[in-house]
Structure formats: C-alpha cells, structure tokens
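In what follows, a structure is listed as structure tokens, so that the remarks can point back to it.
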Amino acid sequence: MNNKFKVKFRGVRGSYPTPKANYLNFGGNTSCVEVMLDDRLVVLDAGTGIVDLGVELVREHILSSGNPQERKNIEATILLSHVHQDHIQGLQFFKPVFIQGSKINVFGLNINNEDLKDTLQDVLFDRVFPLGIDDVKCDFNIQNLNDSKVVVIQKCAEPKILELSSFNQNDYSKDDIIITFYKTQAHPKNGCLCMKISYNDKVLVYATDKESYVGSDKRFIEFAHGCDLLIHDAQYTHQDYVSPVAPKQGYGHSTYQMALESAKLSKAKRLLFFHYDPNYDDTTLEMLEKEFANPECGIEFAKEGLEIAI
Ligand SMILES: [Zn+2]
Ligand SMILES: [Zn+2]
C-alpha cells in the first residue's frame, strides 16, 4: 500500500553554516529538507544539509548490488526556493551528481530572466570549483521554475513542469505528487518560492525565507490553508526584528510570532519553525523553544536529523 510521506530535516540553519559545538543540538547545516514519498525522493533546497543525504544515497546505491552494472540508480528531484547561498551551497558536493546513471532534476526559481543552469554554473561550478557543470556524470536536468508552474511526479515517470493555468487536478490521482508554488516578493532581491507538496491526501507546505506583513500575508494564508505540516521561516526574535540598533525588517525573514500567525490563520495542523539565525546558539534556541513550542498543539522546532511522518 502506498502511504509513506516522510520528512527528514537535513539542514535547518539560515544564512551560513554554524559548525560549532554549542549549535549542534539544533544543527549547523543550512537549509535542506528530504521528503520521501514512497519510492520518490524530493529535496527542498540544497544547503549544506544535502551533503550527508548524498553520502547516504551513494552508500545505498553501492549496497544495492555487488555488480556495478546492476546497481539501482539514484533519482532525486531537488527544488530550489531561490538561489541564495544557504539554499544551494551543498549542491556541488552532492555525491550522486558524480555517479553515472543518477538522474538528478534541479528545478528552481531563476533570477530575473536568467537561466537557472547559467546561474548555478557561475556560482557553484566552472569558475569556483574544479569541475564544470557539464563535467558531472549524472543526467543533470536543470530547469527554471516560478509560481505559474506546477511540478507533477508520477510513479515510474520523469517529473513534469506544467503551466498552472492549464493544469487540471482531475487528470491526476492521489498517487501522483503535485507541487505548486507561491512566490513571496518580500525576500530581497528576487523573491522566494514557497512550496506545497500534495500526495495521498496529505499536504506539506515549505515556507522558508519568507517575511510576513502587518495583518499577515493573505495570499500565503490561502495557499497554505489546511495543510498537514507547515515548515516556516523563524529567523528572528521579535526583539531582534525591531531592534533600534540593527533592525531586521525587510530582510525577508519572519519572527516566531509571524510563523505562529501564519500557522494559526492557515489552520495548519502542525508547525515546525525553521531557518534559524546563525547567531542563535543552542542556549538561545532552547529558551525560544520553552517560550514558543507546544508539541501537544503541534508546534515544534525543526532540528537537524528530525524525522516526521505526515
Ligand atoms: Zn535562507
Ligand atoms: Zn534567502
């Protein structure tokens, strides 16, 4: 029976990695969430958290057969919310990219009218890495994405990017993975894609690098309405957000209160705070956890390694 919808947090840190002892309870790797939908793998963002996922996938690939010709190929669809460093900086160290036979789809928000492949080539490969983007061994399928598109991943088929305007949900079954997008403009400079994954009547919404508005972000609330799990940016305390010395308004991130408001108004069944400020060590986040977490009401803090079944 098909019913597995599992989430594993591979990186929960915002901005830059924090590989220091007093940061590791919550985690030091930047944004990456592994989503396993039965046998299909979707990865949300490719921060440094994706590196360990790649190591595990290659290990499984090698163990799948003693004969290299008969090994099960690695297939993954990586969705990039945007191309800020903390969401892409693990991609060129994602080992399956260098394994012949791997099929790695990378779909992401492109900057202005630039091609995503050109951007990744420029900032991750060629000039700043020993290998060029065309030197990788996998089938590396890099495509532009925006909120006018829908991604559909059907069993035993290549993922498809379709136009939202002509998409008809009735053409698909609940065994098909349907991913839609909401673009928040409140993240400098080019916005960021929030993502909604629907599978088997369950819904996950991933909303990183998102700042709310006074009175909430109404279009986002509608987008996330009734989701089973909401993963929401929670970079700043309210005090830091409004700090008279270094205010964070306009940086494109939320406070804990904003994330809570989004969850409450969208009637999300479960909320996981995500994308922690790199200046917040475990002691700070444990204090925030005491203040804001309420597991009985489904309000928790994402931690690196945490697994959740939806
Ligand atoms: Zn970020
Ligand atoms: Zn960002």
Side-chain angles (χ1 to χ4, degrees), residues 7 9-19 23 26-35 42-51 53 78-94 106-112 114 116 119-120 122-124 144-147 181-195 204-213 217 220 223 230-237 240-241 246-256 258-259 262 271-281 284-285 288 301-304 306:
V7 171
F9 290 92
R10 294 285 182 170
V12 299
R13 190 66 59 175
S15 305
Y16 54 84
T18 55
Y23 286 72
F26 287 82
N29 280 305
T30 54
S31 306
C32 181
V33 181
E34 172 190 349
V35 185
V42 175
V43 184
L44 308 178
D45 281 326
T48 58
I50 202 171
V51 178
L53 169 61
I78 301 168
L79 302 174
L80 303 178
S81 61
H82 61 318
V83 292
H84 284 171
Q85 277 292 325
D86 51 328
H87 298 262
I88 60 169
Q89 63 203 157
L91 191 59
Q92 76 272 54
F93 298 105
F94 183 56
V106 181
F107 303 156
L109 183 66
N110 54 327
I111 302 170
N112 301 325
E114 287 173 31
L116 179 67
T119 304
L120 297 180
D122 215 33
V123 300
L124 293 181
N144 298 328
L145 203 60
N146 59 53
D147 57 352
F181 306 92
Y182 164 75
K183 186 178 176 187
T184 170
Q185 302 291 353
H187 192 68
K189 299 173 180 170
N190 296 285
C192 179
L193 285 181
C194 300
M195 308 177 187
L204 160 67
V205 172
Y206 174 70
T208 190
D209 295 57
K210 180 192 170 302
E211 183 167 351
S212 201
Y213 305 116
D217 180 343
F220 175 76
F223 176 78
L230 172 61
I231 299 169
H232 199 291
D233 189 299
Q235 177 130 349
Y236 302 124
T237 62
D240 283 349
Y241 186 81
K248 303 295 191 296
Q249 193 180 56
Y251 280 28
H253 296 288
S254 286
T255 63
Y256 291 83
M258 287 174 185
S262 291
L271 168 68
L272 270 284
F273 296 114
F274 183 74
H275 199 279
Y276 305 122
D277 190 274
N279 295 301
Y280 296 178
D281 62 10
T284 305
L285 287 169
L288 290 167
F301 278 58
K303 289 180 182 169
E304 197 171 311
L306 176 69

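Each ligand, and each atom within it, is numbered from 1 in the order the structure gives. Values below: every heavy atom of this structure, side chains too, minus hydrogens, waters and symmetry copies.
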Check: Does the distance from a Lys or Arg side-chain N to an Asp or Glu carboxylate O, for Lys248 and Asp277, drop under 4.0 Å?
Finding: no
Check: Under 2.8 Å from the Zn ion (ligand 2), which protein N/O/S atoms are there?
Finding: His82 NE2, His84 ND1, His187 NE2, Asp209 OD2
Margin query: Quick one: does any side-chain atom of His82 pair with a main-chain N or O of Cys192 as donor and acceptor, under 3.5 Å?
Written below: no
Notebook entry, point to check: Which residues satisfy the side-chain contact (heavy atoms from CB on, under 4.5 Å) test with Glu304, sequence neighbours excluded?
Noted result: Asn29
Next item on the list: Could you verify whether a donor N or O on one side chain and an acceptor N or O on the other, from Thr30 and Gln85, lie under 3.5 Å apart?
Entry: no
Next item on the list: Measure centre to centre between the rings of Tyr276 and Tyr23, then say whether the value is under 6.0 Å.
Entry: no
Item checked: His275: its N/O/S atom lying closest to the Zn ion (ligand 1) (atom name) -> NE2
Check: Does the Tyr256 side chain pair with the main chain of Phe273, one donor and one acceptor, at a distance under 3.5 Å?
Finding: no
Margin query: Would you compute the distance between atom OH of Tyr241 and atom CD of Glu211 and round it to the nearest 0.5 angstrom?
Written below: 3.5 Å
Next item on the list: Return yes when at least one N/O/S atom of His253 is nearer than 2.8 Å to the Zn ion (ligand 1), and no when none is.
Entry: no
